[in-house]
Amino acid sequence: MNQVEHLSDRVAAVHLDRRRIREQKRQERIFSDKVRTIGVDIDALDQQIKERRAKEQREANELKVYADDLLCSDGIACILEQRQKKDERQLNEDIVQFRQHFQQASSRREFDLNDPELLKKQEGQRILPGLVGEDLGQKNRLRKQQEQLYSWTTQQQEELERAKLQRKQEENQYDQIRMSLDSRALELQKMEEQTKRDLVIATKDFNLALAAEITHRRLKERHEEEENNQTEIFNQMNGDLLMENPEQNVSVLGLSRLRRDCYKGMSPQELQMYTQYQLQQAEDRKRANMEQRQKDLQEHQERMNSARAALLLERQQARINKELRRAMDNANSQLAQVHDARKKHLQDVYTNIPDERYYSQFNTSSR
């Protein structure tokens with residue numbers, strides 16, 4: 001009954017072959033860069049729509065025919081299954097009747113071994129040792145089985161000890177490598193900190209030397225300017241022009257006018273007022289120079305304080321980096337332990353490794 005080929009099977013096979021061929025052609029169009037990037041063909045799309053509708057109608061008709069055939073096949077299969085069950089039941093009843101009439105227990109060859117009335121039939125007779133059916137080598141067999149079980153257990157324990165020793169050696173090697181890497185990282189960090197510290201010290205010394213040079217140059221320029229001013233004032237006060245008689249430059253038009261050709265300088269009162277004015281300007285200039293000097297000193301002090309604060313901040317940052325590095329090392333150690341535990345757990349749980357058959361099932365269809 002199972003070897004009969006129906007019309008629906010042939011239709012399904014033809015339909016499957018047609019779908020397989022259509023899928024291969026679609027894959028060739030989809031996976032081809034030249035065909036895929038050429039653009040949209042409206043006529044081809046319309047033709048595809050018509051073909052799709054015709055295919056759907058054809059599939060609907062085939063599905064209807066297949067459903068009718070399937071209903072007919074199911075009815076025939078139900079009738080045949082009922083007939084087969086009836087034949088099997090009749091056969092089993094015939095076998096039971098045959099056994100009851102022609103294959104009784106008392107007619108079997110080994111009935112004397114399975115006879116429930118055997119002890120009653122013996123009537124006190126003694127069974128000699130070594131008869132058929134006794135197991136004389138049971139003790140030796142049990143002893144050998146125990147020895148074999150002991151040897152297997154011992155071998156398993158030795159294998160477990162070797163595996164533990166190997167895993168411990170690998171962990172020690174990993175810890176040594178990690179410690180060497182951490183020590184190398186600490187050395188590099190110390191070298192970097194020392195380089196930064198030297199750079200800060202060199203920058204500070206350069207700034208101090210530059211500030212000292214600028215201050216010395218400014219003081220020298222102010223001293224030269226003051227000496228030049230005093231020399232100029234002294235020359236103006238004791239010059240030939242200023243020491244002449246001031247009455248010669250009085251104009252005939254009045255005291256308010258002076259003769260340009262006979263002007264010999266200011267009067268003592270004017271000279272005194274001018275001197276006082278010059279001294280006042282000198283005092284103002286000295287006061288301004290003192291204020292500028294104090295301002296420069298204050299700026300220098302601020303630069304020194306800034307450099308000191310930067311150095312302190314750099315040291316604090318170094319301490320913070322060291323603490324962060326220590327915390328990071330502790331976290332890395334914990335993560336390594338967790339990773340080892342998880343790796344061991346995954347090795348115990350996931351025993352199936354994906355092969356080429358697993359990866360070859362992807363990207364095989366154009367849908």
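Sequence positions, counted from 1, serve as the residue numbers for this chain. Only heavy atoms go into these numbers, but all of them, side chains included; no hydrogens, no water, no symmetry mates.
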With E56 via salt bridge (charged side-chain N to carboxylate O under 4.0 Å, His left out) - residues at least two apart: R52
Whether D182 and R178 form a salt bridge (side-chain N of Lys/Arg under 4.0 Å from carboxylate O of Asp/Glu) is what I want to check. yes
If you count heavy atoms of other groups shown closer than 6.0 angstrom to CD of E227, is the number above 12? yes
Ionic contact status for E81 with K85, cut-off 4.0 Å: yes
In terms of side-chain heavy atoms, does Q316 have a donor or acceptor partner in R319 at a distance below 3.5 Å? no
Criterion side-chain hydrogen bond (donor to acceptor under 3.5 Å, both in side chains) on Q146 and Y150, from CA distance to verdict: CA-CA 6 Å; Q146 290 178 357; Y150 178 75; over 6 Å; no
If you count every heavy atom of other residues, nucleotides or ligands that lies below 6.0 Å from R315 atom CZ, does the total exceed 12? no
Closer than 4.0 angstrom, basic N to acidic O: yes or no for D329 and R325? yes
Indicate whether the side chain of Q292 and that of D296 have a donor and an acceptor atom separated by less than 3.5 Å. yes
Walk me through whether R217 and R222 qualify under side chain to side chain contact (heavy atoms under 4.5 Å, CB included). CA-CA 9 Å; R217 187 173 65 252; R222 291 194 189 94; over 6 Å; no
Charged N to carboxylate O under 4.0 angstrom, E192 versus K196? yes
Which pair of non-hydrogen atoms, one from K322 and one from Q189, has the smallest distance, and what is that distance? N-NE2, 4.1 Å
We want to know whether D198 and Q194 form a side-chain donor-acceptor pair, criterion being a heavy-atom distance below 3.5 angstrom. yes
